[in-house]
Amino acid sequence: MTQSPTGTAPAFASDNQASVHPDILAALTAVNTGHQPAYGDDTTTARLRDIVRRHFGERAEVFPVFNGTGANVVSLQAMSERWSSVICPESAHINTDECGAPEKIAGLKLVTVPTPDGKLTPDLVEAHATGFGNVQRRQPAVVSITQSTELGTVYTAEETAAIAAATHEHGMTLHMDGARVANAAASLGLPLRALTTDAGVDVLSFGGTKNGLLLGEAIVVLNPDAARGVPYLRKSSMQLASKMRYVSAQLAALLDGDLWLRNAAHANAMARRLADAARAVPGVEITQAVEANAVFAVMPRAAAERLRKRFPFYIWDERTGEVRWVCSFDTTEDDVDAFAAALAEETSA
């Protein structure tokens with residue numbers, strides 16, 4: 001494991017702030033030779049297609065993109081019409097942290113559903129899948145769930161399959177924002193396909209940056225009947241890389257062996273270690289189930305502000321004082337123990 005830079009405290013703010021895994025850097029170096037066709041016609045992207053099909057099934061089609069917002073916006077456009085709406089949790093990244101991109105670029109309306117744990121249910125889908133055929137209403141077309149959720153919780157394969165069934169019953173399609181789908185798979189001890197293709201997900205935004213990549217995510221169309229025009233939408237949404245082999249090489253290095261799983265499992269284990277330590281600190285309450293690589297807690301506000309000066313992390317909810325601590329593939333046991341000691345110190349001050 002790589003260590004935090006000398007003189008810099010390890011960050012628990014986001015796995016986006018982690019370093020790049022050495023194997024990913026090695027993959028970039030290995031592909032950095034000679035000339036290859038541009039825009040995805042290279043041999044590395046062709047190999048990535050084979051790797052993705054091993055994980056997700058023979059019908060899977062992969063489209064590398066630059067970032068998660070791009071993956072989500074292109075996916076939702078391909079699954080909908082300009083008069084469509086998307087049902088999603090109120091806490092969904094597409095609603096809270098993409099600066100209105102689904103609305104602005106895709107022209108969609110997000111129908112947001114309050115959920116205490118970040119998870120939709122079939123009943124919640126049923127309650128909001130209304131207005132079909134009414135020209136006055138946006139037409140529900142897509143249900144979008146996040147795996148693992150923005151609150152660190154995980155959908156079981158059975159829960160996703162139940163949502164997929166409710167979604168498909170209404171003629172809608174199911175999108176999964178899988179920015180941390182590797183963490184969910186590691187948490188449940190299941191292959192990626194079990195949580196996606198086999199559970200009825202139609203299109204997946206597959207995350208790489210939060211799991212050790214320099215940059216790069218992928219749209220994985222699991223059901224080609226559910227999406228159209230992805231190559232054109234990717235280009236018109238400014239997500240088509242000319243030197244795509246450099247994005248594909250990272251994704252291939254992550255998925256060809258078990259690097260995706262090792263990175264995610266380690267991050268999850270560090271989050272459990274942190275949660276166990278935090279539960280022992282008076283005045284700290286864990287607020288969500290710790291099922292992936294994030295820990296949510298409430299603690300005295302003044303203590304949180306002091307602690308943030310020593311270790312970067314986010315205040316999740318200013319109203320309640322809830323905080324979020326995220327562990328990464330390069331978080332060490334020493335990092336966690338140092339943070340836990342500082343947490344106890346600042347809370348008791």
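Reckoned from all heavy atoms, side chains included, excluding hydrogens, waters and symmetry mates.
- Put simply, the side chain of T160 never gets that close to the backbone of A157: no donor and acceptor are under 3.5 Å apart.
- In this structure a side-chain-to-backbone donor-acceptor pair under 3.5 Å is missing from T347 to A344.
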- Task: Check the pair R245, D41 against salt bridge (charged side-chain N to carboxylate O under 4.0 Å, His left out), reporting the backbone distance first and the verdict last.
- Result: CA-CA 9 Å; R245 58 174 156 155; D41 292 330; over 6 Å; no

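- Taking a cutoff of 4.0 Å between a charged side-chain nitrogen and a carboxylate oxygen, R49 and E61 do not qualify as a salt bridge.
- You'll find the side chain of S237 reaches within 4.5 Å of the side chain of Q77, heavy atoms only.
- Under the 4.5 Å side-chain criterion, counting only non-hydrogen atoms from C-beta, L48 is in contact with V52.
- Between the NE2 atom of H21 and the CD1 atom of I24 there is a distance of 7.5 Å, given to the nearest 0.5 Å.
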- Steps toward side-chain contact (heavy atoms from CB on, under 4.5 Å) verdict (T149, V154): CA-CA 6 Å; T149 75; V154 168; over 6 Å; no

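- For the residue pair T29 and N32, no side-chain donor N or O sits within less than 3.5 Å of a side-chain acceptor on the partner.
- Shortest non-hydrogen contact noted between T153 and Q288 is CG2-OE1, 4.0 Å.
- A salt bridge is absent between D42 and R47; no separation between the charged side-chain nitrogens and carboxylate oxygens falls under 4.0 Å.
- Aromatic ring orientation, F296 versus W316: perpendicular (interplanar angle above 60°, classes split at 30° and 60°).
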- Message: S19 vs D330, test: side chain to side chain donor-acceptor pair (under 3.5 Å). Steps then yes/no.
- Response: CA-CA 7 Å; S19 60; D330 61 352; 2.8 Å; yes

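- The structure places CG of L195 at 10.0 Å from CG of L204, a figure rounded to the nearest 0.5 Å.
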- Evaluate the criterion side-chain contact (heavy atoms from CB on, under 4.5 Å) for residue pair L76 and H175; output intermediate values, then yes/no. CA-CA 8 Å; L76 294 176; H175 168 256; 3.9 Å; yes

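- A search for side chain to side chain contact (heavy atoms under 4.5 Å, CB included) contacts involving V298 returns E285, T287, E322, not counting sequence neighbours.
- In this structure the side chain of P102 reaches within 4.5 angstrom of the side chain of L110, judged on heavy atoms.
- Without hydrogens or angle criteria, T146 side chain to S148 main chain gives no donor-acceptor distance under 3.5 Å.
- Residues F313 and A304 share a closest heavy-atom pair of CZ-O, 3.6 Å.
- To the nearest 0.5 Å, the span separating CG on N268 from CD on E291 amounts to 10.5 Å.
- Of the residues T43, V31, T44, the one that meets the side chain to side chain contact (heavy atoms under 4.5 Å, CB included) test with Q36 is T43.
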- What do the steps show when you test M176 against V143 for side-chain contact (heavy atoms from CB on, under 4.5 Å), and what is the final call? CA-CA 8 Å; M176 176 179 283; V143 173; over 6 Å; no

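- Distance check: F12 CZ to L343 CG gives 10.5 Å after rounding to the nearest 0.5 Å.
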- Show your reasoning for whether salt bridge (charged side-chain N to carboxylate O under 4.0 Å, His left out) applies to D337 and R273. CA-CA 8 Å; D337 295 347; R273 184 183 183 93; 3.0 Å; yes

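- Residues R272 and V295 are not in side-chain contact: their nearest non-hydrogen atoms beyond the backbone lie 4.5 Å or more apart.
- Residues W325 and Y314 fall into different hydrophobic clusters, defined by Ile, Leu, Val, Met, Phe, Trp and Tyr side chains chained together at heavy-atom separations under 4.5 Å.
- Side-chain atoms of N183 do not come within 3.5 Å of backbone N or O of A292 as any donor-acceptor pair.
- Other residues, nucleotides and ligands contribute only 12 or fewer heavy atoms inside 6.0 Å of the OH atom of Y232.
- Side-chain atoms of E217 and F66, non-hydrogen and from C-beta on, never get closer than 4.5 Å to each other.
- Proximity of a side-chain donor or acceptor of Q147 to a complementary backbone N or O of Y155 within less than 3.5 Å is detected.
- The closest donor-acceptor contact from the side chain of E103 to the backbone of L108 lies at 3.5 Å or more, if one exists at all.
- With sequence neighbours excluded, no residue forms a side-chain hydrogen bond (donor to acceptor under 3.5 Å, both in side chains) with R138.
- To the nearest 0.5 Å, atoms SG (C99) and NZ (K104) are separated by 7.0 Å.
- Side-chain contact between T130 and R137 is present, with at least one heavy-atom pair separated by less than 4.5 Å.
- At distances below 3.5 Å, at least one donor-acceptor pair connects side-chain atoms of T96 with backbone N or O atoms of A92.
- Counting only distance, with no hydrogens or angles, the side chain of H266 and the backbone of T331 share a donor-acceptor pair below 3.5 Å.
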- Task: Show your working on side chain to side chain donor-acceptor pair (under 3.5 Å) between S75 and N72 and close with a plain yes or no.
- Result: CA-CA 5 Å; S75 295; N72 286 336; 5.7 Å; no

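- In terms of hydrophobic clustering, with Ile, Leu, Val, Met, Phe, Trp and Tyr side chains grouped at heavy-atom distances under 4.5 Å, L307 and L274 are assigned to a common cluster.
- Residues D177 and S205 have side chains that never bring a donor and an acceptor to within less than 3.5 angstrom of each other.
- Checking side-chain atoms of D202 against main-chain N and O of A226 turns up no donor-acceptor pair under 3.5 Å.
- Within the 4.5 Å cutoff, the side chain of V230 has heavy atoms near those of the V74 side chain.
- Here the options are R306, R308, R301, the test is salt bridge (charged side-chain N to carboxylate O under 4.0 Å, His left out), and the partner is E346; only R306 passes.
- F206 has its side chain within reach of L251: a pair of non-hydrogen atoms, C-beta onward, lies under 4.5 Å apart.
- Pairing each heavy atom of T45 with each of S248, the nearest pair is OG1-OG, 2.7 Å.
- Using modelled atom types, no side-chain atom of S84 and backbone atom of P140 make a donor-acceptor pair closer than 3.5 Å.
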- Could you please spell out the steps behind the side-chain contact (heavy atoms from CB on, under 4.5 Å) verdict for R53 and R59? CA-CA 7 Å; R53 286 176 181 140; R59 298 186 76 205; over 6 Å; no

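- Rounding to the nearest 0.5 Å gives a distance of 6.5 Å between CZ of F63 and CZ of R234.
- In this structure, a donor-acceptor pair under 3.5 Å is absent between the side chains of D15 and N211.
- Of all heavy-atom pairs between F132 and Q139, the closest is CA-OE1, 3.3 Å.
- Scanning both residues, G200 and H168, for their nearest heavy atoms gives O-CE1, 3.1 Å.
- Both L255 and L222 sit in one connected hydrophobic cluster of ILVMFWY residues. Membership requires side-chain heavy atoms under 4.5 Å apart, directly or through other members.
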- Task: Take R310 and E345 through the salt bridge (charged side-chain N to carboxylate O under 4.0 Å, His left out) test and state the conclusion after the steps.
- Result: CA-CA 12 Å; R310 300 170 63 176; E345 179 182 326; 3.4 Å; yes

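- By the rule that hydrophobic residues join a cluster once side-chain heavy atoms approach within less than 4.5 Å of another member, V73 and L240 end up as members of separate clusters.
- No single ILVMFWY cluster, assembled from side-chain heavy atoms under 4.5 Å apart, contains both L233 and I105.
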